[in-house]
Amino acid sequence: MRLGLVLAEAANGLRRNASMVVSVVLVTFISLTFVGTAILMQMQIGQMKGYWYDRAQVAVYMCTAISTGENCAGGEASEEQLAAVKAQLDSATLKPYIKTYEFENHDQAFANFQKQFKGNPVADYVTPDQLNQTYWVNMKDPSQSDILQESLATLPGVESVTDQRSYLDQIFSVLNAASFTAIGIAVLMLVAAVLLIATTIRLSAFSRRRELGIMRLVGASNRFIQTPFVLEGVFAAVIGSLLAGGAIWAIVHFFVRGYLSTRLQFTSFVGESDAFIVAPILLGVGIVLAALSANFAITRYLKV
């Protein structure tokens, strides 16, 4: 197979169908950008889970004067009840599972509440005695928080035992939903890109039907005839994939690292190295889809 002649035929086809090629590039670019965004979001969710799950605490909320739980019939937790919970945390049963714990009284809880809700009108109506005194417990293995719940939830004076990971799971479920939405949009766009590549190749073949007829008459093989058309589709897809990779890097560099990480310094974010991992994946997906769709389209055309 003469490589120079094949490349010349591919370049000729790209020149004849420039507008369709631009369409393929744009559709591929947009679809793969969604794919890359979905991959990055999954990476981000994984990083946040690893970062926050290790830091998630178990909160042992003690009863206040206005608590209505089954263990709060006597009103606010007494000093004896607080001491009983502390004794359980220091006991030989629970201590092997606990890394550290600290106690937060009404005044400390109120100060933290005022800081958290600064500027919110609700901060003007809350008093220290309305906020729970709390034992904040760091587990050696956060997945073993059930042990604390089983041991402390029924003690008198304990309003509730809450694993903070339950709040994180709600956040991650929202992020997962957004990620799956991006994947769904990406799949639709990829289908559109495949169909557009196939249509472009069939139109290119139709515009050169006389040349193809002559090539068949002189004994050119199907592979020789098909290769320029496949290269046309692959070339357009490669350009779109490279643009998508550049867009993913720009999103990470300017938005994630340049904006989010400077304003949300309490968590970790994906970086440029993750974008460089995603970019080759997008390039591979673009090439494979373009090659398969172009080869299918020209094969079907030649058989007609």
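Since the structure is predicted, the reported quantities are computational estimates derived from the model, not experimental observations.
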Just wondering, are more than 12 heavy atoms of other shown residues or ligands nearer than 6.0 Å to CZ in Phe103? yes

Would you confirm whether Thr134, through its side chain, and Asn132, through its main-chain N or O, come within 3.5 Å as a donor-acceptor pair? yes

Approximate separation, where rounding is to 0.5 Å, of Leu32 CG and Leu242 CG: 10.0 Å

When the side chains of residues 60-69 are checked against the rest of the protein, which donor-acceptor pairs come out under 3.5 Å, sequence neighbours left out?
from, atom 1, to, atom 2, distance (Å)
Thr64, OG1, Ile66, N, 3.4
Thr64, OG1, Ser67, N, 3.4
Thr64, OG1, Ser67, OG, 2.9
Ser67, OG, Thr64, N, 2.8
Ser67, OG, Glu159, OE1, 2.9

Set out, in order, the CA-CA distance, both residues' side-chain angles and the distance that settles side-chain hydrogen bond (donor to acceptor under 3.5 Å, both in side chains) for Gln57 and Asn138, then state yes or no. CA-CA 5 Å; Gln57 295 176 306; Asn138 291 91; 3.0 Å; yes

Closest non-hydrogen atom pair, Thr33 against Ala247: OG1-CB, 4.1 Å

Please tell me if the side chains of Leu94 and Leu152 come closer than 4.5 Å, counting only heavy atoms from C-beta onward. yes

Test your reading of the model: is there a side-chain donor-acceptor pair from Glu102 to the backbone of Trp136, 3.5 Å cut-off? no

Looking only at heavy atoms, the pair that brings Phe110 and Val126 closest together is CE1-O, 3.1 Å

For Ala244 and Phe29, work out which heavy atoms get closest and say how close. N-CD1, 3.4 Å

Is there a chain of hydrophobic side chains (I, L, V, M, F, W, Y, each step under 4.5 Å between heavy atoms) that links Tyr101 to Leu155? yes

Minimal non-hydrogen separation, Asn112 against Glu104, with atom names: ND2-OE2, 2.5 Å

Got Leu40 and Ile248 here, is their nearest side-chain heavy-atom distance under 4.5 Å? yes

Is a donor on one side and an acceptor on the other found under 3.5 Å between the side chain of Gln81 and the backbone of Ser78? yes

Sub-3.5 Å donor-acceptor pair from the side chain of Asn105 to the main-chain atoms of Asp107, do we have one? yes

Ignoring hydrogens and angles, tell me if any N or O in the side chain of Ser151 forms a donor-acceptor pair with the backbone of Leu148 under 3.5 Å. no

Scanning both residues in full, the closest heavy-atom pair of Ile197 with Ser293 reads CG2-OG, 3.3 Å

Answer yes or no: is there a side-chain heavy-atom contact under 4.5 Å between Ile183 and Ile39? no

Hey, quick one: are Val85 and Leu82 part of the same hydrophobic cluster, counting side-chain heavy atoms closer than 4.5 Å, chains of contacts allowed? yes

Donor-acceptor pair, His253 side chain versus Gly258 backbone, under 3.5 Å? no

Check the hydrophobic clustering (I, L, V, M, F, W, Y; side-chain heavy atoms under 4.5 Å; chains of links allowed) and say if Phe255 and Met43 are grouped together. yes

Contact between Ser241 and Val285 at the side-chain level, heavy atoms closer than 4.5 Å - yes or no? no

Students should find that the hydrophobic cluster of Trp249, defined by side-chain heavy atoms under 4.5 Å apart, otherwise consists of Phe254, Phe276

Where do Gly157 and Ala77 come nearest, in terms of heavy atoms and distance? O-CB, 3.7 Å

Where at least one partner belongs to residues 127-148, residue pairs that pass salt bridge (Lys or Arg N to Asp or Glu O under 4.0 Å), sequence neighbours excluded: none

